[in-house]
Each structure stands twice: as structure tokens, then as C-alpha cells.
Chemist: 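Before I ask anything, here is the structure I am working with.
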2 protein chains.
Amino acid sequence: MSAEMNVQSKPRPRKRINDPEGMRKKVLDVAEDAFQACGYHASSLGDLMAAAGVSGGALHHHFPTKKALALAVIDERVAAAVEQTWIAPLLAAASVREGVRAVFEAVAAELEQQGFVRGCPLNNLAHELSLADPDFRIALAGIFADWRRAISDKVRADQRAGRDEGTDPERFAALAVATYSGAMSMAKTAQDPSVLRDCLAGLERSALSSSQGGLAARRRRRVLPRPRTL
Amino acid sequence: MSAEMNVQSKPRPRKRINDPEGMRKKVLDVAEDAFQACGYHASSLGDLMAAAGVSGGALHHHFPTKKALALAVIDERVAAAVEQTWIAPLLAAASVREGVRAVFEAVAAELEQQGFVRGCPLNNLAHELSLADPDFRIALAGIFADWRRAISDKVRADQRAGRDEGTDPERFAALAVATYSGAMSMAKTAQDPSVLRDCLAGLERSALSSSQGGLAARRRRRVLPRPRTL
DNA sequence: TATAAAACAGACCGGTTGTCCTGTTTTGTC
DNA sequence: GACAAAACAGGACAACCGGTCTGTTTTATA
């Protein structure tokens, strides 16, 4: 991983301009990108400093540890990415089904024109960090939960309008997120986003029938005892 | 990560018994476990040596580099895990749908009694290593392909028996693998395997209807140009 | 048994990593 | 302007990592 110097010509070592917010944003930009492209462990702070053009002191000032930086990336960037690419388009859509379809196709189209697949930021970090540290896991699990809730809420809204009365909101949300996550995993590994469309086609049929409604299936909200020390 | 010493009492520095196969297997056992529990980068060779009770010389003799060890784990262990937990039960089942259901429920039951979720070995490594090295990516992509093909072949076998004539084999295979992978991702992050059952319920409805058959949907087997240098 | 290759042991090394530490400069506040 | 805190620079450092190297022991072969 190398970086453009991005140094504006400084003919004089004149003055320095303190821009804490801008510097913090620059670091987060670089870290978000590197974490997704190379992963957390494979991205060294030296790489990030070089790529962002930031000194070690500045980096340490804003993010005391690498873990703190990663948590900031998760809380501020990964969550925002899910919000931007999934939740917002979903809420803007006329129905869940149209929203899900729009997201899948938008992502597929973007990846096709982009020429490579770097995967879902959330899943990338979730796989690498969920078992590494409880703080990471909780932060990532929260994003998954928000994602699912946005979908299930939209299903319920549709149902209030008389549509999709047969589908269980929580179940469909879990299925949609799982399908997308798994499809992105395969697309990344195969470097071929076409599997996204295959999965969308199958997913769209799932919300169709209205069988086995009855009383809402009881939910299993049990949480496991303890996740095995690392 | 620490390891029990696993040293049988050696009152005398008597003799040494060369057991290359056994030693190789021991290293692979430990590496497979560590790679899944901690990931590739977070597992140091020192950890593995200590956990396996193997000297540096022996490790290097069997696996010249860490990458070679990981490739062996992928080719011999991860592929076998997919074969054992997915493909074999699927082939043994009476139909695809029963097979998929059996696998999902078996894994869910195992995780529930196990008390924690370490995730899918294939997906764990795929997320961390697919973009890190082409050799890793190709090896992992091959396992995904075999997995999908086993499912689609089973669908075709069912169709030859007159069942599920409406479902596209490739599409269903992609959907099944994606759903499982994504569900495991969420289960791992939330440390709660119940999402597996939610996703299974949704997936089972998807293979139901027999709409939009017609000529088999044309497949998009395009491969992307180049996956962006690491 | 002679001998070479395989199997293994254990120390060693250059490079890297994350973090800390000491200064210097800027900025807000009275 | 005085002064303290924030913002930033850059070096130092100990720990660690992966790979290599040399040497010893076992094993296969003749």
C-alpha cells in the first residue's frame, strides 16, 4: 500500500494551520479505505500515516490507540455506509421489495462498472474483528441490528398499507441482510458481482407467498452465554 | 492465545520418533483452529508452534512459509469442512430442500449447544484473505464454486425426478450459499445462532413457487478485469 | 554398517509494529 | 500580552513477527 504525497507545495516553512477536524477526517478517510481494502491487522499505522500525510503525534493525539481508530471507523464510517447504501434508499422506496431490489441492483451496477469487488465494509470488519475484541463485536452487532430493524420496520409499514401481510418482518429482514452479506462475500471472493443478481432473483420470490401466517412466530431473542475467550 | 503444554513426561532425553505425517497433521489442526478463532494475521507462527508443541525447524520443514501453511489449511481443511458439513449431508438427503433444511438445523443445533459462534471457516478466511493474495482468493473461490455446484447438481437431480421444476438450479444454489454465509456472519457478530433459523424459514419459502420458468435465464459468467492491486 | 536424505531442534536476525515520550507551535481565554 | 491547553512534529523503544541458518538426530537405502 502506497500513498500519493498530497503535499501542497510549501516554499516556506512558514506557519502551521491547526485543523483538528480536518485532520481527524483525513485519518478516518484513509483508515476506512485501508481497513476495507486490506483489513484491520494488515493495515499498519505507518501505512495510514503515510497515506494521510499525518505525523505520528497527530495520529496519536486524535486516536490514542489503533483500536480507538478502528472503533471510530466502525461507529462513524461503517454505520454511515450502511445507512447511505441501504437504509436511506430503502426508506425512500415505495415498498420493501422495491427498495431491496433497488439496493441490490444499484450495488451490482456500481461494482460492475467499478471493475472490482472489495466487499461489504461491515462484513469485512465483522469477520475479522468480531471475535477479536468484545468492543468491536458489540459495535458491529449494533450496526447489523439497525440494518435489520430498518428493513423490518419497512415491512411493517407495508403491511399497515395492506401489502405483504403474510411475511414475517423480522424473518424477511434477516433473510435480506443475510442474502446480501453472503452474496457480497461470494462476489468478493470470485471478483464477480453477478451473483448479487442471482441472489436477488431468488430473494424476490421469497417474499411472495402468504402462507403459514397465524400468530406471529415467537421470537428467539436468546443471547449466548459467553463467546469463548480469544 | 495460550496453549496447554501437552508435553508427555519425558524423564529421559532418550530417543526421538520421527512422525512427519503426525506432526504435519498436528500443525494443521492447530492452524485450522487458530485461523478460524483469531484469523490469519492475528495468529502468529509462535502461537501455533507453542500450541502444537512443535519446534520452529519442524514447522518450517513442513510449511516453508506462513502462506504455504494457510494454503494447506484452505485446501485440506476448509474444503473438507464444507464437504463434511454441507455437501455430504446434502447428497444424503432425499431432496435439496430437505438437505438444506437439515444442514441449517444441524448447524444451528450444534452452535446452540456449543454456546458460542466462531463463524463459517470458509467465509472467515475469505473475507480476510481474498483481497490479500491472488493465490488465497483462487483457492477460496474454488471451494465456493464446488459448494454451489453441489447444490445446483442436487436441484437438477430433483428436477429429473419431477420436483422443483420451476426453480433455477444456479440461482437457488447461489441463494442458499449466500443465505447461509450471511446468516453465519450475523450469528457470529451477534453471538446468537437463532438468525440461522430465521433465514432458513425465509429460504424455504423461496424455492416454493414455480413462476417465470420459460427458457432458462441466461447466465452472466463474466469475470471482472482485474481486482485492484493490494 | 556406511551414507545420504529426511526430520527435527533451537538459536538468530533484520525488519516491522504499536505505543510512548519529549519538544514545539498554534489557539483560545482572561 | 500572559498563559494554559490543545494541536502537532518526530524520534525512540521494546516487543514481536516471519524467515533463515546451523547443527543434531532419525530413517531409508544399499
Side-chain angles (χ1 to χ4, degrees), chain A residues 1-2 5-8 10 12-28 30-31 34-35 38-73 128-129 132-133 136, chain B residues 1-3 5-8 10 12-28 30-31 34-35 38-73 128-129 132-133 136 230:
Chain A
M1 185 193 337
S2 72
M5 255 316 171
N6 188 16
V7 167
Q8 61 274 35
K10 44 176 174 179
R12 307 276 186 79
R14 275 303 183 84
K15 281 187 177 180
R16 197 184 69 199
I17 39 170
N18 281 4
D19 182 17
E21 297 176 14
M23 177 157 284
R24 186 185 140 94
K25 169 176 156 51
K26 206 190 309 178
V27 172
L28 283 177
V30 171
F35 286 166
C38 312
Y40 174 79
H41 288 102
S43 301
S44 76
L45 294 182
D47 293 338
L48 302 182
M49 283 162 46
V54 166
S55 70
L59 177 60
H60 177 74
H61 178 73
H62 291 282
F63 306 100
T65 66
K66 191 182 182 184
K67 173 180 171 178
L69 172 59
L71 280 175
V73 168
E128 189 180 359
L129 300 180
D133 191 294
F136 285 145
Chain B
M1 184 192 337
S2 71
M5 255 315 170
N6 189 16
V7 167
Q8 62 274 34
K10 44 175 175 179
R12 305 277 186 79
R14 275 305 181 84
K15 282 187 178 181
R16 197 185 69 198
I17 38 172
N18 280 4
D19 182 18
E21 297 175 15
M23 176 157 286
R24 187 185 141 91
K25 170 176 154 50
K26 205 190 311 178
V27 172
L28 283 177
V30 170
F35 286 165
C38 311
Y40 173 80
H41 287 103
S43 302
S44 76
L45 295 182
D47 293 338
L48 301 182
M49 284 163 45
V54 166
S55 71
L59 177 61
H60 177 259
H61 178 73
H62 291 282
F63 306 100
T65 66
K66 192 183 182 184
K67 173 180 171 178
L69 172 59
L71 280 176
V73 168
E128 188 180 1
L129 301 180
D133 190 294
F136 286 145
L230 83 154

Chemist: When you check every protein heavy atom under 4.0 Å of nucleotides 16-21 of chain C, what one-letter string (B, S, -) results, 5' to 3'?
Modeler: -SSSS-

Chemist: Are any protein N/O atoms closer than 3.5 Å to N/O atoms in nucleotides 28-30 of chain D? If there are, list each pair with its distance.
Modeler:
none

Chemist: To the nearest Å, give me how far apart CE (A/M23) and C1' (C/dT25) are.
Modeler: 13 Å

Chemist: Between the base of D/dT26 and the side chain of B/R16, is there any donor-acceptor pair under 3.5 Å?
Modeler: no

Chemist: Return each pair, listed once, that meets salt bridge (charged side-chain N to carboxylate O under 4.0 Å, His left out) where at least one residue sits in residues 64-73 of chain A; pairs must be two or more places apart or across chains.
Modeler: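 The answer is A/K67-A/D133, A/K67-A/D135.
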
Chemist: I need the CG-P distance between B/N18 and D/dT26, as an integer number of Å.
Modeler: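 For the pair B/N18 CG and D/dT26 P, the rounded distance is 8 Å.
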
Chemist: Please confirm whether the shortest side-chain N or O distance from B/H61 to OP1 or OP2 of C/dC8 is below 4.0 Å.
Modeler: no

Chemist: Within this structure, what is the CD-to-C1' distance between B/E21 and D/dT26, rounded to whole angstrom?
Modeler: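 Taking CD of B/E21 and C1' of D/dT26, I get 16 Å after rounding.
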
Chemist: Once you round it to whole Å, what is the distance between C1' of D/dT25 and CG of B/D19?
Modeler: 15 Å

Chemist: Give, for atom OG of A/S55 and atom CE of A/M23, the distance between the pair rounded to the nearest 0.5 Å.
Modeler: 6.5 Å

Chemist: Run the side-chain contact (heavy atoms from CB on, under 4.5 Å) check on A/V54 and A/H60 step by step: do they pass?
Modeler: CA-CA 10 Å; A/V54 166; A/H60 177 74; over 6 Å; no

Chemist: Specify the residue among A/H62 and B/I17 whose closest nucleotide of DNA chain D lies further upstream toward the 5′ end.
Modeler: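 Final value for this comparison: A/H62.
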
